[in-house]
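First the structure, in the form of C-alpha cells, and then the observations on it.
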Amino acid sequence: MVVSLFIRGILIGLVASIPLGPVGVLCIQRTLSRNQRSGFVSGLGAASADMIFASIAFFSLSFVLSFIRDNMTVIKVVGGMCVMLVGVSIFMSNPVVQIRRNRAGRSNLWQDFISLFFITLANPAFILIFIALFATFGFSEQALGMGRGMVMIGGLFCGGATWWLVLTSVVGLLRGRFRPRHLLWINRITGTAIVVLGAATVLLMFVNTPVDGLLH
C-alpha cells in the first residue's frame with residue numbers, strides 16, 4: 001500500500017511538472033547557457049515549491065488558502081513582474097560571459113535553486129492543479145491520514161525531480177551543438193517568451209480564481 005501510494009505520488013508529480021511554463025523554459029535556458037547541473041538544480045527548486053503547494057492542498061490548510069484568496073491579485077501581479085524581470089535579465093545576458101563563468105567554476109547552484117523556488121512559489125494557482133489531481137486519484141487527508149499522505153507527497157517530489165532530471169539531461173546532450181551566437185539567440189527568444197508569460201499573468205489578474213471552493 002505504501003509503495004503504491006509512493007508510485008501514484010510520482011505520477012502526480014510528473015503530470016504537474018511536464019507542462020512547460022516559465023519554469024520549464026528557464027530550466028532549458030540554464031541548461032543550454034550554463035550546464036545540466038544548473039538546469040536540474042533549478043528544477044529541484046520548482047519541485048520543492050510544488051511540494052509545498054501539494055501539502056497545502058492535501059492537508060486543506062485553510063488559513064493559507066484564505067490568505068491566498070484575500071491577496072490573489074497582489075500575488076499574481078508580484079509574481080508576474082518577477083517573471084518579467086527574469087525574462088529581461090535573460091534577454092540582456094551575454095552567453096560568452098556565462099561560458100567564462102562556467103569554465104572558472106563560478107556557477108552558483110544555490111542561487112539557481114532559490115530563484116526557481118520563489119518564482120514557482122509566486123504562482124499559488126498551482127494549488128488548484130494539485131487539488132484537481134488529488135480528487136482524480138481519490139486522495140484526501142481523511143482517507144489517507146498524515147503518515148501515508150506524507151509518503152504520497154514525497155513521491156510527488158520525486159516525480160517532479162525525475163522529470164527535471166530527464167528534461168535537463170536530454171537538453172544537456174544537445175548543448176554541445178550550440179555556439180555562442182546560437183546561445184545569444186536562445187537567450188533572446190527565451191527572455192522574450194518569459195516576459196510575455198509574465199505579462200500575461202499580470203494582465204489576467206482580474207480573472208476570478210475559484211479559491212473559495214478550496215476552503216473547507
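Residue numbers run from 1 in the order of the sequence given. Everything quoted here is computed from the prediction, not taken from an experiment.
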TODO: Give a yes-or-no answer on whether the side chains of S42 and R30 include a donor-acceptor pair shorter than 3.5 Å.
DONE: yes

Task: Contacts of L85 that satisfy side chain to side chain contact (heavy atoms under 4.5 Å, CB included) - sequence neighbours left out - done: none

Open item on the list: Nearest 0.5 angstrom please: L5 CG to I10 CD1, how far?
Closed with: 11.5 Å

TODO: With rounding to the nearest 0.5 Å, note down the distance linking CG in N35 to CZ in F40.
DONE: 12.5 Å

- [ ] Look at the side-chain heavy atoms of Ile, Leu, Val, Met, Phe, Trp and Tyr, link any pair under 4.5 Å apart, and say whether F53 and I18 land in one connected group.
- [x] yes

TODO: Report the distance from atom CG of L174 to atom CG of L32, rounding to the nearest 0.5 Å.
DONE: 8.0 Å

Task: Interatomic distance, F118 atom CZ to T120 atom OG1 [nearest 0.5 angstrom] - done: 11.0 Å

Could you pull out all donor-acceptor pairs under 3.5 Å where a side-chain atom in residues 149-165 meets a protein atom, sequence neighbours excluded?
{"from": "T162", "atom 1": "OG1", "to": "C158", "atom 2": "O", "distance (Å)": "2.7"}
{"from": "W163", "atom 1": "NE1", "to": "S17", "atom 2": "O", "distance (Å)": "3.3"}
{"from": "W164", "atom 1": "NE1", "to": "G43", "atom 2": "O", "distance (Å)": "3.3"}

- [ ] Verify the ring-centre separation between F58 and F134: is it less than 6.0 angstrom?
- [x] yes

Task: D112/R37 under salt bridge (Lys or Arg N to Asp or Glu O under 4.0 Å): CA gap, chis, key distance, verdict - done: CA-CA 10 Å; D112 292 337; R37 285 187 303 167; over 6 Å; no

TODO: Drop me the distance from L116's CG to C27's SG, to the nearest 0.5 angstrom.
DONE: 4.5 Å

TODO: To the nearest 0.5 Å, tell me how far D50 CG sits from L121 CG.
DONE: 9.5 Å

Open item on the list: If hydrophobic clusters are built by linking Ile, Leu, Val, Met, Phe, Trp and Tyr wherever their side-chain heavy atoms come under 4.5 Å apart, do L11 and L167 end up in the same one?
Closed with: yes

Task: Partners meeting side chain to side chain contact (heavy atoms under 4.5 Å, CB included) with V15 (sequence neighbours left out) - done: L133

Task: Derivation of the side-chain contact (heavy atoms from CB on, under 4.5 Å) call for L109 and F113 - done: CA-CA 6 Å; L109 296 179; F113 178 92; over 6 Å; no

- [ ] Mind checking side chain to side chain donor-acceptor pair (under 3.5 Å) for T168 and listing every partner two or more places apart, or none if nothing turns up?
- [x] Q36

Open item on the list: Hydrophobic cluster membership, with links at side-chain heavy-atom distances under 4.5 Å among I/L/V/M/F/W/Y: are V25 and I189 in one?
Closed with: no

